[in-house]
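Okay, structure first, notes after.
We're numbering straight along the sequence, starting at 1.
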Amino acid sequence: EQEIAAKTKKNEDMFLKLGKYQRDYGVLEAKNGDLEAKLGSYTTQIKEINKRTMELQQVTDDRDRALADVEALEKKLIKLNEKIAKLKSRNRKMKDRIKNLLLTIEEY
C-alpha cells in the first residue's frame, strides 16, 4: 500500500508539474503572439518609412535637376544680357554715326 501511495503521490506531483508547465507554455505562447504582432507592426512601419524615404529621394533628385536647370538658364540669361548690352551699345554708335553723316550731308 505504501508503494501504491508513493506512486500515486508521485503521479499527482507529476500531474501538477505538467499543469504548471502547460500554464507556463500558454503564457509563453501568448507573449510570443504579442511579440509577433509587434514585429508585424514594426515591419509595416519600416516598409512605410522605406517607401517615404524613396519618395523623398525622388523629390530630392527632382529638386537637384531643377536647380541644375535654373543654373543653366541663369548662365544663358547672363549671356543674352551681355549680347543685349553689346547690341544697345552698337545701336547707339550707329545712331551717332547716322547723326554725324546727316550733319555732314547738311553742311554740303
task: Evaluate the side-chain proximity of Leu103 to Glu106: yes if any heavy-atom separation is below 4.5 Å, no if none is.
output: yes
message: Nearest 0.5 angstrom please: Asn50 CG to Gln45 CD, how far?
response: 12.0 Å
message: Could you check whether Lys75 pairs with Glu71 (Lys NZ or Arg NE/NH1/NH2 to Asp/Glu carboxylate O, under 4.0 Å)?
response: no
query: Once you round to the nearest 0.5 Å, how far does CZ of Arg92 lie from NZ of Lys95?
result: 9.0 Å
query: Between CD of Gln2 and NZ of Lys9, what distance do you get to the nearest 0.5 Å?
result: 15.0 Å
- prompt: With distance as the sole test, does Ser41 use its side chain to make a donor-acceptor pair with the main-chain N or O of Ala37 at under 3.5 Å?
  reply: no
Ignoring hydrogens and angles, write down the donor-acceptor pairs under 3.5 Å from the side chains of residues 76-91, residues two or more places apart or on other chains.
| unit_1 | atom_1 | unit_2 | atom_2 | d |
| --- | --- | --- | --- | --- |
| Asn81 | ND2 | Leu77 | O | 3.4 |

query: Going through the checks in order, is the side chain to side chain contact (heavy atoms under 4.5 Å, CB included) test met by Lys31 and Val27?
result: CA-CA 6 Å; Lys31 285 182 181 178; Val27 169; 4.0 Å; yes
field: Spatial distance of atom CG (Leu16) from atom CG (Asn11) [nearest 0.5 Å]
entry: 11.0 Å
task: Answer whether the closest heavy-atom distance between the side chains of Leu35 and Leu39 falls below 4.5 Å.
output: no
- prompt: Got a salt bridge between Asp13 and Lys17, using NZ or NE/NH1/NH2 to carboxylate O under 4.0 Å?
  reply: no
- prompt: Should Glu48 and Thr44 count as side-chain neighbours, where that means a heavy-atom distance under 4.5 Å?
  reply: no
query: Between atom CD of Gln57 and atom CG of Asp62, what is the distance when rounded to the nearest 0.5 Å?
result: 10.0 Å
query: Would you find more than 12 non-hydrogen atoms of other residues, nucleotides or ligands less than 6.0 Å from Glu3 atom CD?
result: no
query: Below 4.0 angstrom, N of the basic side chain to O of the carboxylate: do Asp69 and Arg65 qualify?
result: no
task: Could you grab the distance from atom CZ of Phe15 to atom NZ of Lys20, nearest 0.5 Å is fine?
output: 15.0 Å
